[in-house]
Colleague: 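For reference, the structure I am asking about is given below.
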Amino acid sequence: MNKIFFTEEHELFRQSLRAFLNKEVRPNIEQWEADEEIPRSIYKRFGEMGFMGVTYPEKYGGMGLDTFFSVVYTEEMIKMNSSGFNTSIGAHAGLALAHINGEGSEDQKQNYLTPGLAGKRIGCLAITEPSGGSDVASISTKASRDGDHFIINGSKTFISNGVLSDYIVAAVRTGGPGAKGLSMVIIDRETPGVSATKLKKMGWHASDTGEIAFDNVRIPDSQLLGEENKGFFYIMQHFASERLGMALIAVSQAQLALDLAIDYMAEREVFGRTIDKFQVLRHRIAQLSSEVTSARAFVYLLYKQYSEGDYIIKEAAMAKLVTTQLSDKVCYECMRLFGGYGYMESYPMARLLRDSQLGTIGGGTSEVLCEIISKMIIDTKEYKAVI
Amino acid sequence: MNKIFFTEEHELFRQSLRAFLNKEVRPNIEQWEADEEIPRSIYKRFGEMGFMGVTYPEKYGGMGLDTFFSVVYTEEMIKMNSSGFNTSIGAHAGLALAHINGEGSEDQKQNYLTPGLAGKRIGCLAITEPSGGSDVASISTKASRDGDHFIINGSKTFISNGVLSDYIVAAVRTGGPGAKGLSMVIIDRETPGVSATKLKKMGWHASDTGEIAFDNVRIPDSQLLGEENKGFFYIMQHFASERLGMALIAVSQAQLALDLAIDYMAEREVFGRTIDKFQVLRHRIAQLSSEVTSARAFVYLLYKQYSEGDYIIKEAAMAKLVTTQLSDKVCYECMRLFGGYGYMESYPMARLLRDSQLGTIGGGTSEVLCEIISKMIIDTKEYKAVI
Amino acid sequence: MNSRSGISYFTDEHDLFRQTFRDFLEKEVKPHIDEWEKAGELPRSIYKKFGEMGFFGMTHEEKYGGSAGDMWYNVIFDEELARMNSGGFSASIGAHPMLAMTHLNHEGTEEQKQRYLVPGIKGEKVGCLAITERFGGSDVQAIRTTAVKDGDDYILNGSKTFITNGVLSDFLIIVAKTAPELKAKGISLFIVDRESDGLSATALDKLGWRASDTGEIAMDNVRVPASNLLGHENHGFFYIMQHFVSERLAMANGGVATSAYAMEVTLKYMNEREAFGRKINKFQVLRHHIAQMASEIEMNRQFCYSLYDRYQNGDYLVKEASMAKLVCTQMADRVVTQCLQMFGGYGFMEEYPMARMFRDTRLGQIGGGTSEILCEIISKIMIDKEGYQAPN
Amino acid sequence: MNSRSGISYFTDEHDLFRQTFRDFLEKEVKPHIDEWEKAGELPRSIYKKFGEMGFFGMTHEEKYGGSAGDMWYNVIFDEELARMNSGGFSASIGAHPMLAMTHLNHEGTEEQKQRYLVPGIKGEKVGCLAITERFGGSDVQAIRTTAVKDGDDYILNGSKTFITNGVLSDFLIIVAKTAPELKAKGISLFIVDRESDGLSATALDKLGWRASDTGEIAMDNVRVPASNLLGHENHGFFYIMQHFVSERLAMANGGVATSAYAMEVTLKYMNEREAFGRKINKFQVLRHHIAQMASEIEMNRQFCYSLYDRYQNGDYLVKEASMAKLVCTQMADRVVTQCLQMFGGYGFMEEYPMARMFRDTRLGQIGGGTSEILCEIISKIMIDKEGYQAPN
């Protein structure tokens, strides 16, 4: 498969990233999972090595590489078996910086993107609110104009890097109700009135997931990202790539589960033979491998279309829907294949399963995706690109 | 349904147990989950209240009640939403004491069962070994005769109460290879050569799960439980009730997940209405409730048969197979129904899902159960009661 | 045959009946199934034989020619029919006593019973129950057929579809609106004789259930005497709802019985068929499929039995019967599909049993309330706490 | 029709062909499907029409009467056949070019091509491929039919089953053992004329695929001239394995095409059918089913296309093609079952499209290697690291 999508350069990049991760990340994962956060130093190392902004413009310190380098990047990151780690880097580099790179002014890019790609200034993206769930259009965090400032009140939840990041890219209501009253703003952490608390989660332990409160937070209107009241469309725009990214993560997790399972099966003996001789387990691997292979072909193809400028909102939703379901299934079945060891945290499968099980929830639940897909297919509604 | 299986007395017992649990257990669960063990004091309280040995003979401090009191007991225990807690009590009262009550001499009963039912002396049951998994017949922990003593060498793993219990009911090899060379012995914790380490698990956090090593552990042969070399048959005998118990636990967990989900659905609003108005979620509840209702009818019936002396080895395996699969499915789907809150440890679903997911592994994996069931159905092999 | 160990709902008398009935079916039915499947209908003679043997009257009062047995006789009846592997035969033979005669027995006047129930039990008159219409599907309240009072008669207009025995039956229990403005509370039941003027019917071609005639019925000013009103006017909806429970239990247990029979023939095949040098019942993957299916069948069987037990004790089981039909027919689809797959290429051949079973079983999730409708009912009870209480 | 945005494997010429072919099928095939389904066979005239239009020769060399198109024409051919909603029609029409003529084209001598391929492309001679036997199923190495050299001839003895076009074809590509002691390495292929002495065939009655004749073939001392040996003696197994990839890809993509067509007709129905006062495409549960299915169809379609793309580039795809057939035919079963359910009672009626689709689709997981056999192959590759390398 690789030949169609990947060149020799991608392969070299994969090797060097893998070497870096195995040396500087893998030995620390257990510690970071226990700490429920990753240290600042590793962001810096990503920045120094150029791994923070694979596809971002070189002008701001990115590497300006094509989309399939970011595919390689994600595939290798997932092999560390810590969604928390992957998310800590990704919520900054893939979410917060994506908004700044996409809609930020030159000043904002100098202020956030350049130090961000260097791993020195870390961001988060805050959209979800306690009351609204996946219902973006009903966001209630209010940004009231006060001269050339905004006063922000409200709260956000489930925000990766929500406690430790230096700034928050937040969706706020600047206008009337509904989708057309939302804007994106950048809020520096030290601004008075910003507070945050960490949440305990079933998985994603190495990531800091926070609930953020804004209590009369006053920011200059130069912190507005893009145009006022266009926030909803910016969010939607970035959703496609976010969902595609989650689909790739899901496929990569499922593949990791299979790889770990196949290795384990060759070693583990019961009833006098290695368990890779049991037909039931063999067929399970055959079935799940086939499903993962199909899912990966789909995701790769969508990356190709995405890289060629296609607006793949439906397909990205489809891909996230089916791949996250698949990852849960594969991780669950592979965990069970380890017997009692599958349930032990000293073996890799417990964490992999726990981490996978956010997939069908985060970034639009499966039910919300089904709503979008059925609107497009049944009601033939079209979601258009803003630009 | 209740009228067929439960009397007024069962209902009264349910009320009093529930009141006790809500008062003395529920407020402490978070702490015990964090401690990864439960305190000695709660065993004592169970003993004092008579809840440790609902069905055991009154002679030894039990309540001598019928099987459906133990059904009520389990159903109420599971509502605490901590498999770790339930297992800490159950591994002692339901596993270790079941062997002592079943095969123990009068002396052994006085020594272990009576203080056990009082919650003063806590046991564990150690069968599984690191190399063998569910393959009981291949147990390799060796007990060599030395006059009127046994010298025990070997190791056990995945043992609930494995670190903190006062004694260990262990399966050891006293004879030749295969099923006919196994015996059960009681090993006191303080015996020189016994050591244990705690294991970290995906769920069941409040339970102490240990790996136990025996290094030249010398015990008098009066610690032999039942007859020498009959261990395999004792184990098999108790498996039926253990599996039936796990099936009941699974059904109860699934029911808890549904109850929690239905309550949550009535409160949680998105897109301007409570989510119990969304057809997709409604049908999910309808489907899963139906499956749980069917499963419970099956489990109740088997308890009835079991209480009337039927040897239900096949049916118990069937029940554990299907109910633990069902519990995983129901807990997963109900967790997802909570959206992001499902993944948060401050909500009940994350733990419930993590706890459920040992069901298809512990006490005979689904695959081992399928082997047993297919031998009985396809090869028409019969497993007979020993006595 | 059910294990007698431990809890058993069946007595020796039940078992004796099961054996008698099974022998009868093997002798009088099994040899003709292929021919009836082809014909798309059953001959009258088989109804007569059922009647002569008393198989239509097991639970009916002796004064009407029945033998006043308990409800487990119906359970056995259904279970043994399933072994004929002809959904169409089971449906045609079953719709008469289980649908048409159930209503006659419960809501009929003495005179109606003498005219329809007595010959029905003898197998001399065959009935059907006509509820469903083209527009509305499982939504009983939405039926459009009307019955307008005209002197001592009612005039019926409208149409019905998917009616088992709709073409060949002698009398039809037809559901019509007598007071359309009252919606559910304006529905009544009528006994309509086949020869009535204005009544016509055509048979439908179906995926399965081929031995049964499934009819579309048209009523063009069909005149029915008021004495053929079944039960009270405008009480029809409640009568229907009441009998839905037993119908759903029967379909649920039918799903279990079909699944059990599928597994029985599959186990036999697996013990005969060889591949790669050994019997295919030695392949672990297939063995585990069997173990899984056997467990699900056993679970659902016990569920159904426990519900019958409660039903016999008078419990009101709208929720549970809907649940049982939902999960048991879903299971039957899974089991039959999986069993067909075990037969490899032979599964696809009509000379082997699975092809027909596959076609026939598919109706389970559709007839008598689709799975989706059942989910609506169950979620209304579970989530909205709607009572669906028994009418008083 | 495939979206042209972004990555597309189809050119304007492909689309033009698709439109032409679709129009042809709508006009010449669709109106006759019911009649052919009933007849259990296709008339010769339809093969001739296909031949005249050049539809059998799209990928063949021009010198044999083909138009030398690329593999995507076959993909379109299969996809459009699926829209006729007759697995039997697709199979009978497809087995000729995809199975029989593929072997002729690759392994045939010039003389054999003139005798069989040229008239085959014209639709004047129809072929079939006969591999499977009663004992052995998908285990090609276990075949028992023998071909013994006798002077300039071979004498064939044995039997074959489940052979599409097995009764009505003019010539048969028959697989036989020429050196039984060599097992897989002792298998050869022969072209056998229908009129050969000792050759007989009977049609089988099937769950679905009813418009195709599926034959059981008996060979009693059938004498075949050595010039009818196809390719090299004892190379048969490798020829078969080689073409299994394209056959499995075709069945995989056929599963996708069927699923897509099922969804198309279901969406149409959902937009027309009303229940409880609104169109059923407004019910959230049904909408989400559609969303889920559409996503799975899209995923598997892209999987198949990516494999065709690689196949055309010469990649060796035994593993991937097996995977694709496994998951796509499983998906087709799920989708078609679910879509039938969406039709409610009409799903069970043969006058609506889903009943036949349901019967026909069930073959997907059985024919051309059952799902279980595919799992065996895939697990050997994935777990035992067996190569299944391309023969050189």
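Lettering of chains follows the sequences in order, A, B, ..., and the numbering in each one begins at 1.
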Colleague: Could you have a look at B:Ala266, B:Ser290, B:Ala286 and say which one has the most heavy-atom pairs with chain C under 4.5 angstrom?
Modeller: B:Ser290
Colleague: Quick check for you: to the nearest 0.5 Å, what is the distance between B:Ser289 atom OG and C:Ile383 atom CD1?
Modeller: 7.5 Å
Colleague: Non-hydrogen atoms of chain B under 4.5 Å away: do they reach the side chain of C:Asn271, the backbone, both or neither?
Modeller: neither
Colleague: I need the residue from C:Met323, C:Glu372, C:Gln284 with the largest number of non-hydrogen atom pairs under 4.5 Å to chain B.
Modeller: C:Met323
Colleague: Who in residues 249-269 of chain C is close to chain B, using a strict under-4.5 Å heavy-atom cut-off?
Modeller: C:Leu267
Colleague: Counting only heavy atoms from other residues, nucleotides and ligands, does the tally under 6.0 Å from CD of C:Glu272 exceed 12?
Modeller: yes
Colleague: Identify which of C:Glu298, C:Glu296, C:Met270 forms the greatest number of heavy-atom pairs closer than 4.5 Å to chain B.
Modeller: C:Glu298
Colleague: If you count heavy-atom pairs within less than 4.5 Å of chain C, which of B:Met265, B:Glu291, B:Lys375, B:Glu371 leads?
Modeller: B:Glu371
Colleague: Applying a heavy-atom distance below 4.5 Å, give me the residues of residues 285-292 of chain C that approach chain B, sorted by number.
Modeller: C:Arg287, C:His288, C:Ile290, C:Ala291, C:Gln292
Colleague: If you round to the nearest 0.5 Å, how far is CE of C:Met382 from CD1 of B:Ile262?
Modeller: 4.0 Å
Colleague: Report the distance from atom CE of C:Met293 to atom CE of B:Met318, rounding to the nearest 0.5 Å.
Modeller: 11.0 Å
Colleague: Could you tell me which portion of C:Lys279 (side chain, backbone, both or neither) has an atom closer than 4.5 angstrom to a non-hydrogen atom of chain B?
Modeller: neither
Colleague: Check each atom of C:Ala324 against the heavy atoms of chain B and say whether the ones under 4.5 Å are side chain, backbone, both or neither.
Modeller: neither
Colleague: Nearest 0.5 Å, please: how far is OG in C:Ser371 from NE2 in B:His283?
Modeller: 10.0 Å
Colleague: Need one label for C:Lys282: side chain, backbone, both or neither, based on atoms under 4.5 Å from any heavy atom in chain B.
Modeller: side chain
Colleague: Are any non-hydrogen side-chain atoms of B:Ser294 and C:Asn300 less than 4.5 angstrom apart?
Modeller: yes
Colleague: Output the option from B:Leu321, B:Val299, B:Leu302, B:Leu369 having the highest count of non-hydrogen pairs under 4.5 Å with chain C.
Modeller: B:Leu321
Colleague: For C:Gln330 and B:Gln287, run side chain to side chain donor-acceptor pair (under 3.5 Å): C-alpha distance rounded to whole Å, both residues' side-chain angles, the deciding distance at 0.1 Å, then the answer.
Modeller: CA-CA 10 Å; C:Gln330 288 171 333; B:Gln287 176 74 39; 2.6 Å; yes
Colleague: For C:Tyr352, does the OH atom have more than 12 heavy-atom neighbours from other residues, nucleotides or ligands under 6.0 Å away?
Modeller: yes
Colleague: Can you tell which of B:Gln325, B:Lys277, B:Met376 has the highest number of heavy-atom pairs within less than 4.5 Å of chain C?
Modeller: B:Gln325
Colleague: Answer whether the closest heavy-atom distance between the side chains of B:Gln279 and C:Glu376 falls below 4.5 Å.
Modeller: yes
Colleague: Hey, what do you get for CD1 (B:Ile378) to CD1 (C:Ile280), rounding to the nearest 0.5 Å?
Modeller: 10.0 Å
Colleague: Does some side-chain heavy atom of C:Ser295 sit less than 4.5 Å from a side-chain heavy atom of B:Ile373?
Modeller: yes
